[in-house]
Asks: 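Can you keep this structure in mind? I'll have questions shortly.
As the structure is a computational prediction, the values presented were derived from the model and not from experiment. Just the heavy atoms: all of them, side chains too, but no hydrogens, waters or symmetry mates, feed the values below. We count residues from 1, following the sequence as given.
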Amino acid sequence: MNRNPDLLNGPMRPVLVQMTVPMMFGIVSIMLFHLADIWFVGQLGTGPMAALAFTFPVSFAVVSLAIGLGIGTSATLARRIGEGNTDSAARVATSILLVTSLLLIAVGIGGQFLIDPIFRMLGADAELLPLIRAYMQIWFAGSVFMVLNMVCNSILRATGDVRGSAMIMLLASLLNLILDPLLIFGLGPFPALGIQGAAIASVLAWSLTTLVALSLIHHRRHLLTRRLPGFPTLLRYWRELFSISLPASLSNITTPIANGVLTAIVARHGAEAVAAFGVGNRIESLALLVCLALSMSLPPFISQNFGAGQMERVKKAYALVIRFALVWQLLIYLVLVVFSAQVAAFFSDDPDVVRWIRIWIIIVPLGFAFQATTFLSASAFNALHRPMLALRVSLIRLFVMYLPLGWLGNHLFGLEGLFSALVLANLLTAVIAWWWMRQHLSRLLESA
């Protein structure tokens, strides 16, 4: 019996809930995966901890590519499933896994020769380079499994199999949690490998869960085939994939760049303000968790119905998730404000840090409803095969609204002005994204 939700005919609200709840657990498990690495490596001392911190920009660039490939996979595959073209869907899924493997093998090989120059450029000194090299040589070699894992998850979500996707993420996190202490500290028969053990644990977790995911895709979804199309058709599939994946990857990379600039502005107000801003970023990721999970479950729903020509259903689903995001994030804001003192005290006992955290809570989360509207709209644009509109929304939010208004707010009114400007930036971007989506859906309905 197929327990997956019927994306084309099932009632929208229960279907979206059924898809979103497992994704919430999946996202939490991925957060725990990275927290485990940081915590266990931190037990080795300051040097290994600093070395791991240096690896983040490089690993994030590869993760951004993986996220983009996942978005492109979901959009191209779900549309064909919605059209009822299962043979084409199987060929597309197999061709995507093939090009992902080829691309990441090239990245893994090239990365081996770039470790020293990249990390010297990032400012790593001679003491940290051997630690970074020990970690990144393994990480680059195994990055193909990390990206394949994420693409496999997207294939499962494209079919509506969110339980399978969430199970893969949870299993990867659990394996990493078990393997980290064994390989880092050398418990039992295992050798103590230090920071290199953390990289090996991650690669083993990714590779084992990738095998499980491929098994699910083949046996449960029947989306692996030996009958690949001719090379011209293969190139057409890959062009379609990258036309969505590359803008999505670029959009993902721009976010930490903008946050880095904002952090530099906040730093002018002292270390306490920076600490509070860092806490705020962690609160933000938790406060937006439900809507982030929704942004991952919405694209398969939209793409399948888009492929089936059910544009009225797409329009209603988009309106439903935007209404939910506005109401849900308002409730989250009220909860944060009511418990602002307790939340601030949980993260710090420094009076100045606590004061800035409370000010952040009172102002910034007021814009989370609009922020959720923006990234849900971007997800919908990707699902409708309009990735450049999704990228435009992200670039407008970060570089037209966020940074200029943040700088101006800080210049005129200090840190409170910067926080308020972020709310205004989210509001203005949400209005633009909503208006563009409304116009786009109207054109699609007229041409249907």
Asks: Between Ile109 and Phe113, is any pair of side-chain heavy atoms under 4.5 Å apart?
Replies: yes
Asks: When you look at Phe40 and Asn176, which way does the side-chain contact (heavy atoms from CB on, under 4.5 Å) test go after all the steps?
Replies: CA-CA 11 Å; Phe40 285 118; Asn176 187 63; over 6 Å; no
Asks: Answer yes or no: is there a side-chain heavy-atom contact under 4.5 Å between Trp238 and Leu235?
Replies: yes
Asks: For the residue pair Val15 and Pro5, what are the closest heavy atoms and their distance?
Replies: CG1-CB, 3.9 Å
Asks: Hey, are the side chains of Val62 and Trp139 touching, using non-hydrogen atoms and a 4.5 Å cut-off?
Replies: yes
Asks: Does the pair Leu262 and Leu422 meet the rule for a side-chain contact (heavy atoms from CB on, under 4.5 Å), with working shown?
Replies: CA-CA 10 Å; Leu262 284 176; Leu422 300 185; 4.1 Å; yes
Asks: Measure the CG-CD1 distance between Leu223 and Ile81 for me, rounded to the nearest 0.5 Å.
Replies: 5.5 Å
Asks: Sequence neighbours left out, cut at 3.5 Å: what donor-acceptor pairs do the side chains of residues 314-337 make with other protein atoms?
Replies:
| unit_1 | atom_1 | unit_2 | atom_2 | d |
| --- | --- | --- | --- | --- |
| Tyr318 | OH | Ser377 | OG | 2.7 |
| Gln329 | NE2 | Ala287 | O | 3.3 |
| Tyr333 | OH | Ile362 | O | 2.8 |

Asks: Within a strict 4.5 Å, meaning less than it, do heavy atoms of the Leu177 and Leu32 side chains meet?
Replies: no
Asks: Is a donor from one side chain sitting under 3.5 angstrom from an acceptor on the other, for Ser251 and Ser394?
Replies: yes
Asks: Does the pair Ser154 and Arg157 meet the rule for a side-chain hydrogen bond (donor to acceptor under 3.5 Å, both in side chains), with working shown?
Replies: CA-CA 5 Å; Ser154 294; Arg157 287 199 299 274; 3.3 Å; yes
Asks: For Phe306, does its backbone N or O pair with a side-chain atom of Gln310 as donor and acceptor, under 3.5 Å?
Replies: no
Asks: Do the non-hydrogen side-chain atoms of Leu444 and Leu384 ever get within less than 4.5 Å of each other?
Replies: yes
Asks: Could you pull out the closest heavy-atom pair between Pro48 and Val41, with the gap in Å?
Replies: O-CG1, 3.5 Å
Asks: Only one of Leu298, Asp161, Leu294, Leu7 forms a side-chain contact (heavy atoms from CB on, under 4.5 Å) with Met19, so which one is it?
Replies: Leu7
Asks: For Arg397 and Thr374, test the side chains for any donor-to-acceptor distance below 3.5 angstrom and give the result as yes or no.
Replies: no
Asks: Taking atom types as modelled, is there a side-chain donor on Arg282 or Ser285 under 3.5 Å from an acceptor on the other?
Replies: no
Asks: Please find the pair of heavy atoms, one from Ala51 and one from Leu131, that lie closest to each other, and give the distance.
Replies: CB-CB, 3.8 Å
Asks: Give the minimum heavy-atom separation between Ala293 and Met24, together with the two atoms involved.
Replies: CB-CG, 3.5 Å
Asks: Do other residues, nucleotides or ligands put more than 12 heavy atoms under 6.0 Å from Phe399 CZ?
Replies: yes
Asks: Can you sort out the partners of Tyr135 under side chain to side chain donor-acceptor pair (under 3.5 Å), two or more places apart, ordered by chain and number?
Replies: none
Asks: Which atom pairs, donor and acceptor, lie under 3.5 Å between side-chain atoms of residues 205-219 and protein residues at least two apart or in another chain?
Replies:
| unit_1 | atom_1 | unit_2 | atom_2 | d |
| --- | --- | --- | --- | --- |
| Ser207 | OG | Val203 | O | 3.0 |
| Ser207 | OG | Leu204 | O | 3.0 |
| Thr209 | OG1 | Asn149 | ND2 | 2.5 |
| Thr209 | OG1 | Ala205 | O | 2.6 |
| Thr209 | OG1 | Trp206 | O | 3.1 |
| Thr210 | OG1 | Phe145 | O | 3.1 |
| Thr210 | OG1 | Trp206 | O | 2.7 |

Asks: Does any pair with a residue in residues 187-199 pass side chain to side chain donor-acceptor pair (under 3.5 Å), and if so which ones, sequence neighbours excluded?
Replies: none
Asks: Glu240: what forms a side chain to side chain donor-acceptor pair (under 3.5 Å) with it, not counting sequence neighbours?
Replies: Arg80
Asks: If you look only at pairs with a residue in residues 107-120, which of them pass as a side chain to side chain donor-acceptor pair (under 3.5 Å), with sequence neighbours excluded?
Replies: Asp116-Arg133
Asks: Would a 4.5 Å heavy-atom cut-off, applied to side chains only, mark Ile357 and Phe347 as touching?
Replies: yes
Asks: Any side-chain heavy-atom pair from Asn426 and Tyr402 closer than 4.5 angstrom?
Replies: yes
Asks: So, does Thr73 use its side chain to make a donor-acceptor pair with the main chain of Leu69 at under 3.5 Å?
Replies: yes
Asks: With Thr233, which residues qualify under side-chain contact (heavy atoms from CB on, under 4.5 Å), at least two apart?
Replies: Pro229, Arg236, Tyr237
Asks: Tell me every residue that passes ring-ring contact (aromatic ring centres under 6.0 Å, His included) with Phe25, counting only those two or more places apart in sequence or in another chain.
Replies: none
Asks: Between the main-chain N or O of Ser64 and the side-chain N or O of Ser249, is there a donor-acceptor pair closer than 3.5 Å?
Replies: yes
Asks: If you round to the nearest 0.5 Å, how far is CG of Leu391 from CD1 of Ile396?
Replies: 9.5 Å
Asks: Given the rule in the side-chain contact (heavy atoms from CB on, under 4.5 Å) test, do Met388 and Phe381 qualify, once you have shown the distances and angles that lead to the verdict?
Replies: CA-CA 8 Å; Met388 295 310 296; Phe381 278 128; over 6 Å; no
Asks: When you measure from the side chain of Ser202 to the backbone N and O of Ala198, does any donor-acceptor pair fall under 3.5 Å?
Replies: yes
Asks: Between Glu83 and Gln304, does the side-chain hydrogen bond (donor to acceptor under 3.5 Å, both in side chains) criterion hold? Intermediate values first, please.
Replies: CA-CA 7 Å; Glu83 292 170 346; Gln304 280 203 25; over 6 Å; no
Asks: Please confirm whether the backbone N or O of Ala78 pairs with a side-chain atom of Ser303, one donor and one acceptor, at under 3.5 Å?
Replies: no
Asks: Quick one: does Ser143's side chain have a donor or acceptor within less than 3.5 Å of a partner on Phe140's backbone?
Replies: yes
Asks: Side-chain contact, heavy-atom cut-off 4.5 Å: Thr55 with Met136?
Replies: yes
Asks: For the backbone of Ala430 and the side chain of Trp435, can you confirm whether one donor and one acceptor N or O come within less than 3.5 Å of each other?
Replies: no
Asks: Once side chain to side chain donor-acceptor pair (under 3.5 Å) is applied, do any residues pair with Arg79, and if so which ones, sequence neighbours excluded?
Replies: none
Asks: Salt bridge (Lys or Arg N to Asp or Glu O under 4.0 Å) with Arg13: which residues, sequence neighbours excluded?
Replies: none
Asks: Check the pair Asn281, Asn259 against side-chain hydrogen bond (donor to acceptor under 3.5 Å, both in side chains), reporting the backbone distance first and the verdict last.
Replies: CA-CA 9 Å; Asn281 288 334; Asn259 282 338; 5.3 Å; no
Asks: Can you tell me how far apart CG (Asn153) and OG (Ser74) are? Round to the nearest 0.5 Å.
Replies: 11.0 Å
Asks: Restricting to non-hydrogen atoms, name the atom on Asn382 and the atom on Ala75 that form the minimum distance, rounded to 0.1 Å.
Replies: O-CB, 3.5 Å
Asks: Using modelled atom types and a 3.5 Å cut-off, is there a donor and acceptor pairing between side-chain atoms of Thr100 and backbone atoms of Leu97?
Replies: no
Asks: Using the salt bridge (Lys or Arg N to Asp or Glu O under 4.0 Å) rule, collect all pairs that involve residues 167-196, keeping only residues at least two apart or in two chains.
Replies: none
Asks: Closest approach of Ala248 and Gly68, non-hydrogen atoms and distance?
Replies: CB-CA, 3.9 Å
Asks: With Thr20, which residues qualify under side chain to side chain donor-acceptor pair (under 3.5 Å), at least two apart?
Replies: Ser297
